[in-house]
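Every chain is numbered from 1, with letters handed out A, B, ... down the list of sequences.
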There are 2 protein chains.
Amino acid sequence: MVVTDSTGSVASLRIADGLRRAILAGEFAPGERMRQEVIATRFGASRLPVREALRILQSDGLVTLVANSGAWVSQLDERECAESYEIRERLEPLLLRESMPGLTAHDIAAMRRLAEEMERKPEVETFLRLDREFHLLSYSRAETVLLSALIERLWNTTQHYRRAFAVLVGADGRRVVHYEHFLLVDAIQRGDAEDAQRVLGGHIRRTRLELAQHPEVFG
Amino acid sequence: MVVTDSTGSVASLRIADGLRRAILAGEFAPGERMRQEVIATRFGASRLPVREALRILQSDGLVTLVANSGAWVSQLDERECAESYEIRERLEPLLLRESMPGLTAHDIAAMRRLAEEMERKPEVETFLRLDREFHLLSYSRAETVLLSALIERLWNTTQHYRRAFAVLVGADGRRVVHYEHFLLVDAIQRGDAEDAQRVLGGHIRRTRLELAQHPEVFG
DNA sequence: GACGAGACGAGTGGATCCATTGAAGGAGCG
DNA sequence: CGCTCCTTCAATGGATCCACTCGTCTCGTC
């Protein structure tokens, strides 16, 4: 997974990065207004780089800008969230296939450790972090820059609903998730790309269908 | 296909729109430098809305920004172009499936006319325009906003190579394309979603493979 | 003659100030 | 008492000016 540099030397990139982290951490709720002045003060800059940062985040799909009105944290509705999962269902197996040949024994061992750790830890935030690490690690050896960036964006925009859903179902509701994670690691370790893609596609598909049965996540 | 408003009332949107058209029309070549001052003069605005417009185009994947250096028209390399086609190969059949139930008899008749017209007209620019119209029309009844926007972005970023390839193979080299277009319209008219998706996937896949055999398009 | 350091210039990034728009609250009329 | 219109203001959009960075050219030295 190739991540853009964003060295932090340029203010707009630094602000965009900080805001992105804040949104993914749940510090801002979807639909919440983001005032330029407030953000500028928070980052010790003028409104100008803030405006550029908001444009960057808009390109990430994390922020929605309305001309002459303002900026809000993006709020996917139920349909759009389902769309994201349908897209992921078709693209992530492709990305995994691209990455698999490059995965080292060390990578696979790390994936297994992550799967085990998130099975042990019941905390939602820990689960979210480890689950993200787990899957992105499985994609980390892919050399497909566009696809990798696209997938990461989809993960970012659905992050809030992943959290809401994880809270809703609790640790018990995640047992199938862990089972699928181990199936995935096993398939990868065997070098069985077909099976790994099938497991991954099913993993995402099942999540989408479960989400569809819990519309209260979007309330 | 849902297209963002961009009413033109706000300068940055107006500039972004104008630049997007110019890039898609081939007025700028990939890799070409885009100076803020030049663009500002062209659109009768200051450099500030130009900077925001460039950010917007960056989000469209049409422009590449480098901090403290400048902006260039995005240049996909061969690998990235192939990636775009692989992504399209998996997503456009999905989008077509979403759109098909909403397509009217009028839509389908229009598609057939477009297919016939582009078979008759040998000019490259005409072909590019009609081909784009043809496919986007087939997606036009889909209510999937994210997917629709994503597909349109992929069409935009590969537009330049579509043109270069169309020039290279000439009207004769497009005969298979027309054949596939009619297969697609027929399947849609029969309401055979499975077959339509299969034809479309093959259409995109074949194009990708043909592109891979003509690396001179990227030179 | 070639390589490296320093100065110059073009161009981008950022801050401040002004114009404009959209919304909210209050007053007046029906 | 409620609806409409107008006023007011807060927040965004845009222009100008200044600071800084990067590339290039030149001069000096080895």
Side-chain angles (χ1 to χ4, degrees), chain A residues 3-23 27-75, chain B residues 3-23 27-75:
Chain A
V3 178
T4 50
D5 273 45
S6 67
T7 50
S9 61
V10 179
S12 49
L13 296 180
R14 185 174 54 84
I15 296 173
D17 223 50
L19 287 177
R20 186 182 294 113
R21 288 172 197 279
I23 292 173
E27 202 171 320
F28 295 91
E32 187 174 341
R33 178 84 181 264
M34 302 179 78
R35 288 201 170 75
Q36 296 180 2
E37 191 67 43
V38 175
I39 299 169
T41 306
R42 168 171 175 161
F43 288 93
S46 80
R47 277 175 39 228
L48 200 146
V50 172
R51 279 156 65 175
E52 301 206 349
L54 289 175
R55 293 279 186 205
I56 295 172
L57 293 177
Q58 182 185 34
S59 80
D60 292 344
L62 288 174
V63 162
T64 302
L65 291 177
V66 177
N68 284 317
S69 180
W72 288 264
V73 179
S74 284
Q75 187 165 28
Chain B
V3 179
T4 50
D5 272 45
S6 67
T7 51
S9 62
V10 180
S12 48
L13 296 180
R14 185 173 54 84
I15 296 173
D17 224 50
L19 286 177
R20 186 183 295 113
R21 287 173 197 279
I23 292 173
E27 202 171 319
F28 295 92
E32 187 175 341
R33 176 84 180 262
M34 304 179 77
R35 286 198 174 76
Q36 296 180 0
E37 191 68 42
V38 175
I39 299 169
T41 306
R42 168 172 176 161
F43 288 92
S46 80
R47 276 175 40 227
L48 199 148
V50 172
R51 279 156 67 176
E52 300 205 351
L54 290 174
R55 293 276 186 207
I56 294 172
L57 293 176
Q58 182 186 34
S59 80
D60 292 343
L62 288 173
V63 162
T64 302
L65 292 176
V66 178
N68 285 318
S69 180
W72 287 264
V73 180
S74 285
Q75 188 164 28

Participant: Closest heavy-atom contact between A:Ala16 and A:Leu57?
Facilitator: O-CD2, 3.5 Å
Participant: Take atom CZ of B:Arg55 and atom P of D:dG14, then tell me their distance rounded to the nearest Å.
Facilitator: 16 Å
Participant: Could you tell me the separation between the CE atom of A:Met34 and the P atom of D:dA11, rounded to a whole number of Å?
Facilitator: 15 Å
Participant: Using a cut-off of strictly less than 4.0 Å, decide whether A:Arg51 has a side-chain nitrogen or oxygen near OP1 or OP2 of C:dA15.
Facilitator: no
Participant: Among D:dA15, D:dG14, C:dT12, which nucleotide has an atom closest to any side-chain atom of B:Arg35?
Facilitator: C:dT12
Participant: Quick one: which of D:dT21, C:dG14, C:dG11 gets closest to the side chain of B:Arg33?
Facilitator: C:dG11
Participant: Taking atom types as they are modelled, would you say the side chain of A:Arg47 forms a donor-acceptor pair with the base of C:dG14 within the 3.5 Å cutoff?
Facilitator: no
Participant: Could you state the atom-to-atom distance from CG of A:Leu54 to P of C:dG14 in whole Å?
Facilitator: 14 Å
Participant: Do A:Leu19 and A:Ile56 come close enough that some side-chain heavy atom pair is under 4.5 Å?
Facilitator: no
Participant: Specify the residue among B:Leu48 and B:Glu37 whose closest nucleotide of DNA chain C lies further upstream toward the 5′ end.
Facilitator: B:Glu37
Participant: Of the nucleotides D:dA15, C:dG14, C:dT12, which has the atom closest to the B:Gln36 side chain?
Facilitator: C:dT12
Participant: Between A:Glu52 and A:Val10, is any pair of side-chain heavy atoms under 4.5 Å apart?
Facilitator: no
Participant: For the pair made of CD1 in A:Ile39 and P in C:dG14, what is the distance, rounded to whole Å?
Facilitator: 15 Å
Participant: I'd like to know if A:Arg14 and A:Asp17 make a salt bridge, using a cut-off of under 4.0 Å between side-chain N and carboxylate O.
Facilitator: no
Participant: Please classify the nucleic acid contact of A:Ser46 as base, sugar-phosphate, or nothing, using heavy-atom distances under 4.0 Å.
Facilitator: base
